[in-house]
Amino acid sequence: MTAFDYICNMSSNKMNWNLRVRIVRLWHVPDRDKPDNTVSLELIIQDEKGDCIHATVGRSLIRMFKPKIKELGLYVMKNFVVGPNYTKLKYTRHKLKLAFTHKTIVEEANDHLFCMTIFDLKHYEYLINKIDVEESELFDVIGEVVSYGEVESHNQGDKTSNYMNVELEDHERNNISATFWGEFVDQILPHLQGSPLQPVIIVMQLIKAHKFQGKYYVRNTWHASKLWINPDLPQAIDFKSRMASVNEANSARISQIPSQPSYSVSEELATGTVEVKTISELVDCMEVTNVLNSFSI
């Protein structure tokens, strides 16, 4: 039987690591000047222990690896450049980051028993009770949508971004507020406006917390974040079961809140506490390039 390495044991002292992992998130980073072109592929991979690490496929290797990998796929992966994780946003808690090279090997694997617990879910207390939350750390939250506000827009230069405020609830009746930006708005609206008696369970993957007027909210970031709506995955199924046990049958699930948001997004933007960019991950990509240049492959 092949012996596989574990992510928790990885170090930068060698390249010939042999991993069996699931891709729990895969996204494209677009070119700043030509958005239809991809600068890099970014992956979060998870081993059978549930540990995750961030990996990057640079521009020159995209054509080689893009046909071989897909989100939620299970693979054996070998040979990487392993270096410090200098990215501004921390997509995992691992202090290292992987970079694919021409010597990296990717082979599809099959194992129906391999873990599908893919979300790094934070309890609501993490946001409700903590005085200081690490705002560079990305994480996942699950919740039932109980209310939402109107779609509003923010203009920055010649670009307009839509956003809306959403209230999420967990099975212990805790609530947190979230701001959906861009494609998150387009994805959720049909579900919210469809049948308010049906529960809308969502997972916000790779999102960040931000503090405004002494309270923490969550929001999606550009490119990396993903919105899962009523996903058929173990953690969502378990959460839906917990919610069903506390919700009254046929009770109104979702309400629309007044147009005045629970906090002023415009005011927050004006203070400079949050930057709205469509290229924020490009900075991370440039840092990856610097890491690669520091290694001899």
| said: Using side-chain heavy atoms (C-beta onward) and a distance below 4.5 Å, is V82 in contact with M15? | reply: no
| query | Can you find a heavy atom in the side chain of N85 that is under 4.5 Å from one in the side chain of K95? | reply | no
| said: Contact between H54 and H94 at the side-chain level, heavy atoms closer than 4.5 Å - yes or no? | reply: no
| note | Closest non-hydrogen atoms of P35 and P30, given as atom of the first, atom of the second and distance, are O-CB, 3.4 Å
| note | All heavy atoms of R25 vs all of A224, minimum pair found to be NE-O, 2.7 Å
| Is there a side-chain contact between R219 and F184 (heavy atoms, below 4.5 Å)? | no
| task | Quick one: closest heavy-atom pair of D51 and C8, and the distance? | result | OD2-CB, 3.6 Å
| said: Quick check on the hydrophobic clustering: are V76 and I69 connected, directly or via other members, by side-chain heavy-atom contacts under 4.5 Å? | reply: no
| Pair K78-N16, side-chain contact (heavy atoms from CB on, under 4.5 Å): steps then yes or no | CA-CA 6 Å; K78 306 175 184 178; N16 59 332; over 6 Å; no
| Backbone N/O of M243 and side chain of E169: donor-acceptor pair under 3.5 Å | no
| message | For a 4.5 angstrom cut-off between non-hydrogen side-chain atoms, does I45 reach Y75? | response | no
| said: What I'd like to find out is whether the side chain of M204 reaches to under 4.5 Å of the side chain of D140, using heavy atoms alone. | reply: no
| Distance (rounded to the nearest 0.5 Å) between L43 CG and T56 OG1 | 8.0 Å
| said: Strictly distance-based, threshold 3.5 Å: is any side-chain N or O of T87 a donor or acceptor partner for the main-chain N or O of L89? | reply: yes
| How long is the gap from CD1 on I53 to OG1 on T92, to the nearest 0.5 Å? | 6.0 Å
| said: Any side-chain to backbone donor/acceptor pair from Q235 onto I118? Under 3.5 Å, distance only. | reply: yes
| query | N79: what forms a side chain to side chain donor-acceptor pair (under 3.5 Å) with it, not counting sequence neighbours? | reply | none
| Is there a path from L41 to I105 through hydrophobic residues (I, L, V, M, F, W, Y) whose side chains come within less than 4.5 Å of each other? | no
| request: Verify, without hydrogens or angle tests, whether N220 (side chain) and I207 (backbone) share a donor-acceptor contact under 3.5 angstrom. | output: no
| message | My understanding is that only residues two or more places apart in sequence, or in another chain, count here; which of them pass side chain to side chain contact (heavy atoms under 4.5 Å, CB included) with E183? | response | Q187
| field | Sequence neighbours excluded, every pair satisfying salt bridge (charged side-chain N to carboxylate O under 4.0 Å, His left out) that has a member inside residues 230-240 | value | D238-R242
| Can you hop from L121 to V24 via hydrophobic side chains spaced under 4.5 Å? | yes
| Under 6.0 Å from the NZ atom of K70, do we count more than 12 heavy atoms belonging to anything else shown? | no
| field | Where I142 and Y124 come nearest, the two heavy atoms and their spacing | value | O-OH, 2.7 Å
| field | Cluster link I237 to I201, ILVMFWY, side chain under 4.5 Å | value | no
| Is it true that a side-chain atom of R22 and a backbone atom of L72 form a donor plus acceptor pair closer than 3.5 Å? | yes
| message | So K122 and V218, do their side chains get closer than 4.5 Å, heavy atoms only? | response | no
| Closest approach of H210 and E135, non-hydrogen atoms and distance? | CA-OE1, 3.5 Å
| query | Which pairs with one or both residues in residues 104-117 pass side-chain hydrogen bond (donor to acceptor under 3.5 Å, both in side chains), sequence neighbours excluded? | reply | R20-D111
| said: Going by the rule side chain to side chain donor-acceptor pair (under 3.5 Å), which residues pair with H28 if we only count those two or more places apart in sequence or in a different chain? | reply: T38
| said: Run the side chain to side chain donor-acceptor pair (under 3.5 Å) test against N13 and tell me which residues pass, sequence neighbours left out. | reply: S11
| request: Sequence neighbours left out, what passes side chain to side chain contact (heavy atoms under 4.5 Å, CB included) with E172? Give chain and number order. | output: E125, D170, N174
| Sequence neighbours excluded, which residues qualify as side chain to side chain donor-acceptor pair (under 3.5 Å) partners of K226? | E71
| message | Keeping H191 on the side-chain end and V200 on the backbone end, is there a donor-acceptor pair under 3.5 Å? | response | no
| request: Mind telling me whether W228 and F119 have parallel, tilted or perpendicular rings, with 30° and 60° as the class edges? | output: perpendicular
| Enclosure of K14 NZ (heavy-atom neighbours >12, cutoff 6.0 Å) | yes
| said: Has S225 got a side-chain atom pairing as donor or acceptor with L206's backbone, closer than 3.5 angstrom? | reply: yes
| said: Among residues at least two apart in sequence or on other chains, which ones pass side chain to side chain contact (heavy atoms under 4.5 Å, CB included) with D5? | reply: W17, N18, L19
| Is there a chain of hydrophobic side chains (I, L, V, M, F, W, Y, each step under 4.5 Å between heavy atoms) that links I23 to I62? | yes
| Quick one: does N165's side chain have a donor or acceptor within less than 3.5 Å of a partner on G149's backbone? | no
| message | Going by side chain to side chain contact (heavy atoms under 4.5 Å, CB included), name the residues that satisfy it together with A209, two or more places apart in sequence or in a different chain. | response | L127, V133, F139, Y216
| task | Please go through Y6's hydrophobic cluster and name the other residues, only I, L, V, M, F, W, Y counting, with side-chain heavy atoms under 4.5 Å joining them. | result | none
| said: Working to the nearest 0.5 angstrom, can you tell me the gap between E48 CD and C115 SG? | reply: 9.5 Å
| Minimum side-chain heavy-atom gap F180-L227 below 4.5 Å | yes
| query | So how far is it from E144 CD to H171 NE2, rounded to the nearest 0.5 Å? | reply | 12.5 Å
| remark: Across all chains, not counting sequence neighbours, the ring-ring contact (aromatic ring centres under 6.0 Å, His included) partners of F65 are F100
| said: Under a 3.5 Å distance rule, please check whether D47 uses its side chain to pair with a backbone N or O of V21 as donor and acceptor. | reply: no
| E42 and S40: which non-hydrogen atoms are nearest, and at how many Å? | OE2-OG, 2.6 Å
| query | Got a second to check how far L98's CG is from S12's OG, nearest 0.5 Å? | reply | 11.0 Å
| query | What's the spacing between E134 CD and K208 NZ if we round to 0.5 Å? | reply | 9.5 Å
